[in-house]
Amino acid sequence: MNIIFDLDDTLYKERTFVSSAYRAVAEHMSSVTGADPAELFGIIAANRPKGFEAALHAQRGLPGVDKISVDELVHIYRSHWPDIRLDHGVEEALAALKAKGHRLGIITDGTVLTQGTKISALGLEKYIEPRAVWISERTGGDKTTDLPWNLAEEYFPEGTLMYVGDNLSKDFRMPNLRGWRTVMLRDAAEVNVFPQQPLLWEPANRPAVTVDSIKDLLAMPV
């Protein structure tokens, strides 16, 4: 079987990336102005999506603050080396799936820089070949378009295709329409960036199967 994964909130928790990025931004501002990075982190988190602007405003009058731009902070957010970890049991599950002969891949939306850095920080290259990673900036289309799915089908011309994700707004409709198996990782703790409310979505957007852990894939029939 060819098993293709979403990245954010499927293999790791996206909120941990956000926290890591906010810390990197806060530490950068602190290095320039001398402000307390913990206080800056709190301001950014409390005022999202305008947290960077709020943190800069809070530092008005401090030396160097006028030299910091929002664009610079956005770049740090996107390019920093993130302090993130695979969810519990994911690495063992990926290793076991690969050992059983399943071929693994990733389809994810975002920039090559940010998503690629996440993949490296999580150590996913041990289980997934770079050619089996499709990032929307590189493919030219996100998961709501045919582009990444076409590329995955070309790369995996034989065997069943499965997509494992979490986001009902964009993870399952296209693979459902193409005859893939679709599996949703349940957000039991309700901490995902995009809440899961399956009954609010039409059937084409819903997964065929819902699991509690990536490890549950090991028990699914090929």
Side-chain angles (χ1 to χ4, degrees), residues 1-28 41 45 74-139 142-143 148-149 151-152 155-156 161-167 170-172 175 182-194 196 207 210-218 220:
M1 184 183 297
N2 307 297
I3 305 174
I4 319 299
F5 295 92
D6 172 45
L7 180 60
D8 302 307
D9 277 332
T10 296
L11 298 180
Y12 84 104
K13 288 291 179 277
E14 187 172 3
R15 61 193 170 95
T16 62
F17 172 82
V18 173
S19 293
S20 174
Y22 285 174
R23 284 195 299 273
V25 169
E27 288 166 2
H28 172 74
F41 176 94
V74 170
H75 178 72
I76 293 169
Y77 180 99
R78 292 175 176 172
S79 65
H80 86 290
W81 186 264
D83 182 13
I84 54 178
R85 302 288 184 276
L86 292 171
D87 283 347
H88 178 70
V90 168
E91 184 160 16
E92 294 82 355
L94 294 177
L97 289 168
K98 190 168 183 179
K100 291 180 70 172
H102 299 299
R103 300 181 70 191
L104 310 181
I106 290 174
I107 292 177
T108 181
D109 288 346
T111 67
V112 172
L113 175 60
T114 301
Q115 299 305 89
T117 303
K118 292 175 185 177
I119 288 167
S120 295
L122 293 168
L124 289 169
E125 295 99 333
K126 290 184 290 185
Y127 310 104
I128 300 172
E129 297 178 1
R131 292 181 299 166
V133 174
W134 296 279
I135 300 171
S136 61
E137 183 185 50
R138 181 183 292 137
T139 63
D142 65 19
K143 287 185 278 187
W149 314 102
L151 291 169
Y155 188 76
F156 297 122
L161 286 156
M162 174 188 289
Y163 191 67
V164 184
D166 72 284
N167 186 343
K170 61 180 180 177
D171 280 352
F172 308 114
T182 51
V183 178
M184 183 173 76
L185 183 65
R186 182 182 288 108
D187 177 24
E190 298 184 347
V191 296
N192 286 8
V193 171
F194 296 99
Q196 293 175 343
T210 300
V211 298
D212 293 312
S213 168
I214 297 295
K215 292 185 291 185
D216 293 340
L217 300 179
L218 293 164
M220 296 182 67

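Side chains are part of it too, since the values below use all heavy atoms of this structure and drop only hydrogens, waters and symmetry mates. Position 1 is the first residue of the sequence, and the numbers go up from there.
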ring-ring contact (aromatic ring centres under 6.0 Å, His included) with His80: which residues, sequence neighbours excluded?
Phe17
How many angstroms lie between CE in Met184 and CG in Asp212, if you round to the nearest 0.5 Å?
10.0 Å
What verdict does the side-chain contact (heavy atoms from CB on, under 4.5 Å) test give for Tyr77 and Val18, after you've listed the backbone C-alpha separation in whole Å, the side-chain angles of each residue and the deciding distance to 0.1 Å?
CA-CA 8 Å; Tyr77 180 99; Val18 173; 3.5 Å; yes
What is the minimum heavy-atom distance between Lys215 and Gly89, and which atoms define it?
CG-O, 3.7 Å
Candidate pair Asp6 and Asn167, rule side-chain contact (heavy atoms from CB on, under 4.5 Å), full reasoning:
CA-CA 9 Å; Asp6 172 45; Asn167 186 343; 5.6 Å; no
Shortest non-hydrogen separation from Ile84 to Ala121 and the atoms involved:
CG1-CB, 4.2 Å
Can you list everything that forms a side chain to side chain contact (heavy atoms under 4.5 Å, CB included) with Ile107? Sequence neighbours excluded, please.
Ile4, Trp134, Lys143, Pro148, Trp149, Ala152, Tyr163, Trp180
For residues 97-119, which residue pairs qualify under salt bridge (Lys or Arg N to Asp or Glu O under 4.0 Å), counting only residues two or more places apart or in two chains?
Asp8-Lys118, Asp109-Lys170
Nearest-0.5 Å distance that lies between atom NE2 in His75 and atom CG in Leu113
6.5 Å
Can you name the side chain to side chain donor-acceptor pair (under 3.5 Å) partners of Thr111, sequence neighbours left out?
Thr114
Of all residues at least two apart in sequence or in a different chain, which pass the salt bridge (Lys or Arg N to Asp or Glu O under 4.0 Å) check with Arg78?
none
If we ignore hydrogens and angles and just use 3.5 Å, is the side chain of Asp9 paired with the main-chain N or O of Val193 as donor and acceptor?
yes
Are Val90 and Tyr12 side-chain neighbours, meaning at least one heavy-atom pair lies under 4.5 Å?
no
Looking at side-chain heavy atoms only, is the closest gap between Glu137 and Gln115 below 4.5 Å?
no
Arg23: what forms a salt bridge (Lys or Arg N to Asp or Glu O under 4.0 Å) with it, not counting sequence neighbours?
Asp83
Quick check: closest heavy atoms across Phe156 and Ala132, and the distance to 0.1 Å?
CZ-CB, 4.1 Å
Contacts of type side chain to side chain donor-acceptor pair (under 3.5 Å), residue Glu125, not counting sequence neighbours:
Ser120
Would you sort out whether Val211 and Leu185 count as a side-chain contact (heavy atoms from CB on, under 4.5 Å), showing the intermediate values?
CA-CA 5 Å; Val211 298; Leu185 183 65; 4.1 Å; yes
Sequence neighbours left out, what passes side chain to side chain donor-acceptor pair (under 3.5 Å) with Arg138? Give chain and number order.
none
For the pair Val183 and Met162, evaluate side-chain contact (heavy atoms from CB on, under 4.5 Å) and give the outcome as yes or no after the intermediate values.
CA-CA 7 Å; Val183 178; Met162 174 188 289; 3.9 Å; yes
Residues passing the side chain to side chain contact (heavy atoms under 4.5 Å, CB included) test with Thr182, sequence neighbours excluded, are Phe172, Pro175, Asn176, Pro207, Ala208
What's the spacing between His102 NE2 and Leu217 CG if we round to 0.5 Å?
8.5 Å
Would you indicate whether the side-chain heavy atoms of Ile106 and Leu124 approach each other to under 4.5 Å?
yes
Pairing residues for Glu14 by the salt bridge (Lys or Arg N to Asp or Glu O under 4.0 Å) criterion, not counting sequence neighbours
none
Would you call Leu7 and Leu122 a side-chain contact if the rule is heavy atoms closer than 4.5 Å?
yes
Atom pair CD/CZ of Gln196 and Arg186 - distance to nearest 0.5 Å:
8.5 Å
CD1/Ile119 to OH/Tyr127 distance, rounded to the nearest 0.5 angstrom?
14.5 Å
How long is the span from the NZ atom in Lys13 to the CG atom in Asn192, to the nearest 0.5 Å?
5.5 Å
Determine yes or no for a side-chain-to-main-chain donor-acceptor pair under 3.5 angstrom, with Ser20 supplying the side chain and Thr16 the backbone.
no
For the residue pair Ser79 and Thr117, establish whether any side-chain heavy-atom pair is separated by less than 4.5 Å.
no
Partners meeting salt bridge (Lys or Arg N to Asp or Glu O under 4.0 Å) with Asp187 (sequence neighbours left out):
none
List in chain and number order the residues that pass side chain to side chain donor-acceptor pair (under 3.5 Å) with Glu129, two or more places apart in sequence or in another chain; answer none if no residue qualifies.
Tyr155
